Amino acid sequence: MMKNLRFAKAFLLFSLILLLAACTPSSSTPAQSPAAAPAPETKEAKEITLATTTSTQDSGLLDYLLPIFEQQSGIKVKVVAVGTGQAIKLGEDGNADVLLVHARKSEDEFVAKGFGVNAFDVMYNQFYIVGPADDPAGVKQAKTAKEAFGKIAEKKATFISRGDDSGTDKKEKGIWTEAKIKPEDSWYLSSGQGMGETLQMTDEKKAYTLTDEATFLSRKLNLAVVMQGDKSLLNPYGIIQVKSSTKQEEGMKLIEFFTGAEGQKLIGEFGQKDYGKGLFVPDAKKR
């Protein structure tokens with residue numbers, strides 16, 4: 001009996017010790033894991049909008065240049081390729097950061113009105129008058145662009161106009177004005193589209209059109225160059241920073257790339273491998 005009582009007391013004492021041990025905080029309790037550090041803020045990718053003529057896009061020039069700029073600068077470039085008139089309007093409305101266009105008179109007006117700053121010449125090529133290889137209007141016999149247009153009008157040979165207020169459209173309208181001809185009637189058609197689509201339409205209709213050199217050479221068509229080299233067919237391009245842009249630093253970096261040594265070298269090399277000649281001649285200088 002006494003043995004059982006001693007056993008019961010020992011058991012109760014042991015149980016009490018265990019209970020106290022469980023309730024007493026242990027100095028060896030592992031420290032709480034530190035709170036996870038807040039995830040670093042993801043820096044929003046910088047992006048600028050380049051409003052440009054369709055020829056720089058259709059020729060493949062921008063697909064060649066912009067990935068290099070984006071990789072080096074970390075700045076993404078959103079391209080809006082429209083006619084030069086529309087590109088300039090985007091700049092006036094504050095919907096672009098940089099313009100790359102080819103209508104010098106309109107470019108100078110854009111800057112003079114206070115919409116643009118940091119304007120540069122960047123490159124040039126030439127316009128071609130192209131048409132059917134058999135040249136039914138006899139354009140190849142002409143000495144100047146205005147004389148060539150005169151022959152087209154005289155023969156009422158089908159002519160496809162861009163009709164989109166682009167730099168090419170402005171140049172074409174200027175040649176008609178210089179020739180003192182008002183093109184009309186069924187032989188004069190308007191595509192209302194970019195250069196690539198206009199060339200395709202011209203090819204399908206066996207017609208004539210005015211085109212920039214780069215887009216024409218980058219297309220496989222059954223059209224022939226029937227007039228080139230006239231000084232009035234020079235096609236210079238300008239790059240301009242939009243004054244109202246909120247991304248002045250990023251926009252200026254793009255301009256510096258196009259007009260700097262590396263960009264100018266790349267522009268001069270573009271097309272040489274595929275066409276045996278560069279599609280643009282680098283010619284950067286501040287205006």
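Not measured: the values here are computed from a predicted model. This chain uses plain numbering: 1 for the first residue, then up along the sequence.
The side-chain heavy atoms of K76 and K46, taken from C-beta on, include no pair separated by under 4.5 Å. Side-chain contact between N125 and L234 is absent, with no heavy-atom pair separated by less than 4.5 Å. T168 has its side chain within reach of L210: a pair of non-hydrogen atoms, C-beta onward, lies under 4.5 Å apart. Counting only heavy atoms from C-beta outward, the side chains of M227 and K140 never approach each other to under 4.5 Å. Put simply, the side chain of F216 does not reach to within 4.5 Å of the side chain of S59, judged on heavy atoms. With contacts defined as side-chain heavy-atom distances shorter than 4.5 Å, the pair T49/L90 does not qualify. Taking 4.5 Å as the limit, some side-chain heavy atom of K170 sits within range of a side-chain heavy atom of D165. Two residues are said to be in side-chain contact when any heavy atoms from C-beta on lie closer than 4.5 Å; T215 and L199 meet this criterion.
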Discussion item. The test is side chain to side chain donor-acceptor pair (under 3.5 Å); show your working for R162 and S190 and say whether it passes.
Written reply: CA-CA 6 Å; R162 287 270 298 265; S190 176; over 6 Å; no

Discussion item. I'd like to know whether E197 forms a side chain to side chain contact (heavy atoms under 4.5 Å, CB included) with M201, so could you lay out the CA-CA distance, the side-chain angles of the two residues, the decisive distance to 0.1 Å, and finally the verdict.
Written reply: CA-CA 6 Å; E197 294 86 349; M201 183 176 173; over 6 Å; no

Practice prompt. Evaluate the side chain to side chain contact (heavy atoms under 4.5 Å, CB included) criterion for residues L279 and L61: first the C-alpha distance (whole Å), next the side-chain angles of each, then the deciding distance (0.1 Å), finally the verdict.
Written response: CA-CA 9 Å; L279 300 190; L61 177 69; over 6 Å; no

Item to complete: Could you walk me through whether I255 and V98 pass side chain to side chain contact (heavy atoms under 4.5 Å, CB included), step by step?
Response: CA-CA 8 Å; I255 291 174; V98 178; 4.1 Å; yes

Fill in: Residues D212, N235; criterion side chain to side chain donor-acceptor pair (under 3.5 Å); working and verdict
CA-CA 7 Å; D212 70 278; N235 183 26; 5.3 Å; no

Fill in: Intermediate values then yes/no, side chain to side chain contact (heavy atoms under 4.5 Å, CB included), T54 and Q57
CA-CA 5 Å; T54 60; Q57 180 83 338; 5.5 Å; no

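A donor-acceptor pair under 3.5 Å links the side-chain atoms of Q272 to the main chain of G268, judged by distance alone. Without hydrogens or angle criteria, Q241 side chain to G251 main chain gives no donor-acceptor distance under 3.5 Å. In this structure, the side chain of Y208 does not engage the main chain of T202 through any donor-acceptor pair within 3.5 Å. Under a 3.5 Å cut-off, the side chain of R219 and the backbone N or O of D58 do form a donor-acceptor pair. Checked by atom type and distance alone, the side chain of Q228 never pairs as donor or acceptor with a backbone atom of V225 at under 3.5 Å.
The CE atom of M252 sits 6.5 Å away from the OG1 atom of T259 when rounded to the nearest 0.5 Å. Atom CG of residue D169 and atom CG of residue D164 lie 5.5 Å apart, to the nearest 0.5 angstrom. Here CD of Q264 is found 10.5 Å from CZ of F257. Values are rounded to the nearest 0.5 Å. Note that CG of N222 is 10.5 Å distant from CD of E204, once rounded to the nearest 0.5 Å. With rounding to the nearest 0.5 angstrom, the OG1 atom of T211 is 8.5 Å from the CG atom of L217. Between L189 atom CG and F159 atom CZ the span is 10.5 Å, to the nearest 0.5 Å.
Side chains of Q72 and E262: a donor on one and an acceptor on the other come within 3.5 Å. Side-chain atoms of Y237 and S55 include a donor-acceptor pair closer than 3.5 Å. In this model, a donor atom of one side chain and an acceptor atom of the other lie less than 3.5 Å apart for T52 and T56. Under 3.5 Å, the side chains of Y188 and S161 contain a donor-acceptor pair of N or O atoms.
Nearest approach of A133 to A224, heavy atoms of both residues: CA-CB, 3.9 Å. For A148 against V139, the heavy-atom pair with the smallest separation is CB-CG1, 3.5 Å.
The environment of CD in Q71 is sparse: at most 12 heavy-atom neighbours from other residues, nucleotides or ligands sit within 6.0 Å. The environment of NZ in K286 is crowded: more than 12 heavy-atom neighbours from other residues, nucleotides or ligands sit within 6.0 Å. Annotation: K173, atom NZ; neighbour count of heavy atoms from other residues, nucleotides and ligands within 6.0 Å is above 12.
By the 30° and 60° cut-offs, the orientation of the rings of F149 relative to W176 is tilted.
Applying the salt bridge (charged side-chain N to carboxylate O under 4.0 Å, His left out) definition to pairs two or more places apart or across chains, those involving residues 234-250 are E249-K253.
Using a 4.5 Å cut-off between side-chain heavy atoms of Ile, Leu, Val, Met, Phe, Trp and Tyr, with links allowed through other members, I240 and V242 fall into the same hydrophobic cluster. Follow the hydrophobic side-chain contacts under 4.5 Å out from F280 and you reach V77 in the same cluster. F258 and Y124 fall into different hydrophobic clusters, where Ile, Leu, Val, Met, Phe, Trp and Tyr are joined by side-chain heavy atoms under 4.5 Å apart, directly or via other members. V80 and L65 fall into different hydrophobic clusters, where Ile, Leu, Val, Met, Phe, Trp and Tyr are joined by side-chain heavy atoms under 4.5 Å apart, directly or via other members. I152 and I175 fall within the same hydrophobic cluster, where Ile, Leu, Val, Met, Phe, Trp and Tyr residues are linked whenever their side-chain heavy atoms come under 4.5 Å apart, directly or through other members.
Ring centroid separation for the pair F115 and F110 comes in under the 6.0 Å cut-off.
Residues meeting the side-chain contact (heavy atoms from CB on, under 4.5 Å) test with K285, sequence neighbours left out: D121, D283.
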